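Everything below concerns the one structure shown next.
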Amino acid sequence: HKPNQGWPQEESTSGLNTLVAMATYNEAENIGTMIAQIRQTLPQASILVIDDNSPDGTGSIVEKRMTTDTRLHLIRRSGKLGLGTALLRAIEYAKQLKVNYLIILDADLSHPVSALPRLLKGMSKKEIMIGSRYVLGGGTVGWPLSRKLISKAVNLLFQGLFRIKVKDASGSYRCYSIKALERTQIDKLISTGYSFLEELLYLCVKSGATVGETPIVFVERAKGVSKVNWKEATRSLATLLFLGCKSTLGWDDDLKRGIKI
């Protein structure tokens, strides 16, 4: 595929034709700062907050800001419905807005907003750009050794099972081309938790999407409570193993082939 021929440079500096989406639950201490940083970095981007009925009033903070920011959007959901369903909702919303690009990032300030223009700039040559902790210049701050080892192991497992040469397949900080998402058989997704990120990337690549990575430093949250759920992490690992075995055995031949990196 020849992504984005004639791609205007303005999109990487202004956020034109871009939706930046975040899923939130109890992020009242961070969401205002996050929105302000995104707006300063990409002044013309649309911003979407998908809030799972946060008891701390995250949604109300967003609503208040919407009175002065016409490109800020809020979806309130009935409760904690999971990361996967939030990202699917963001994809639907991006299509409704008819933007060219969808960026997903965490709302707790752990993902550097300063990397947004680099992600968009990379879209001139790729259809998915990953804010990567595991390429040269990337890294993590504030993680215990155990979490670093688990994250590394998951990514090595992904590379081995799916035969895709991506250094950071488990990170959520990504920019997607809407055209690439439209080609992808998203209806084949079975993941709802953490493995959703790896499965979506795999399906996109199987449909022919090209992938690039740009370094980021992930900084563990300073405010609020971490949402890492180890029970969900175990369930997602089992899902990843199941999908990887299907891929290795060739039981996913109903998916279009076209792996490009």
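Predicted model, so just to flag it, every value in this text is computed and none were measured.
A salt bridge between Asp52 and Arg77 is present, with a side-chain N of the basic residue lying under 4.0 Å from a carboxylate O of the acidic one. Checked for salt-bridge contact, Lys95 and Glu182 miss the test: no charged N lies under 4.0 Å from a carboxylate O. Under 4.0 Å is where a charged nitrogen must lie from a carboxylate oxygen, and between Arg76 and Glu63 at least one such pair does.
Side chains of Arg133 and Ser170: a donor-acceptor N/O pair is present below 3.5 angstrom, by distance only. Asp51 and Thr24 share a donor-acceptor pair across their side chains, judged by distance under 3.5 Å alone. For Glu127 and Ser177, the side-chain atoms include no donor-acceptor pair closer than 3.5 Å.
Side-chain contact between Thr18 and Asn100: absent, with no pair of heavy atoms (C-beta onward) separated by less than 4.5 Å. Contact of the Glu198 side chain with the Val154 side chain is registered, since non-hydrogen atoms from C-beta on lie closer than 4.5 Å. Within the 4.5 Å cutoff, the side chain of Leu189 has heavy atoms near those of the Phe196 side chain. In this structure, Ile50 and Met22 have side chains that are not in contact, with every pair of non-hydrogen atoms separated by 4.5 Å or more. Using a 4.5 Å heavy-atom cutoff, the side chains of Cys204 and Leu181 are in contact. With a 4.5 Å cut-off on side-chain heavy atoms, Gln185 and Lys206 do not count as touching. At least one side-chain heavy atom of Arg89 sits under 4.5 Å from a side-chain heavy atom of Ile75. Side-chain contact between Leu120 and Tyr101: present, with at least one pair of heavy atoms (C-beta onward) separated by less than 4.5 Å.
Considering every non-hydrogen atom in both Ser54 and Asn26, the closest pair reads OG-N, 2.7 Å. Residues Ala23 and Ala107 share a closest heavy-atom pair of O-CB, 4.3 Å. The two atoms that bring Thr58 and Glu27 nearest to each other are OG1-N, 2.8 Å, heavy atoms only. Contact between Gly59 and Leu74 at its shortest, heavy atoms only, is O-CD2, 3.5 Å. Contact record, Val99 with Ile178: O-CG1, 3.4 Å, taken as the closest heavy-atom pair. For the pair Leu161 and Arg163, the tightest heavy-atom approach, listed with the atom from each and the gap, is O-NH1, 3.2 Å.
Every residue meeting the salt bridge (Lys or Arg N to Asp or Glu O under 4.0 Å) condition with Arg39, not counting sequence neighbours, appears here in chain and number order: Asp69.
Proximity of a side-chain donor or acceptor of Glu213 to a complementary backbone N or O of Gly131 within less than 3.5 Å is not detected. A donor-acceptor pair under 3.5 Å is absent between the side-chain atoms of Ser110 and the main chain of Asp106, judged by distance alone.
The cluster map of Ile, Leu, Val, Met, Phe, Trp and Tyr, joined by side-chain heavy atoms under 4.5 Å apart, puts Leu88 and Ile128 in the same cluster.
Taking OG of Ser46 as the start and CG of Asn17 as the end, the distance is 9.0 Å to the nearest 0.5 Å. In this structure, CD1 on Ile47 lies 8.0 Å from CG on Leu42, to the nearest 0.5 angstrom.
The aromatic rings of His111 and Tyr173 sit parallel to each other, their planes meeting at less than 30°, with 60° as the upper class boundary.
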Checklist entry - Hey, mind stepping through Thr214 and Arg118 against side-chain hydrogen bond (donor to acceptor under 3.5 Å, both in side chains) and telling me if it holds? => result CA-CA 7 Å; Thr214 189; Arg118 281 191 283 118; 2.6 Å; yes
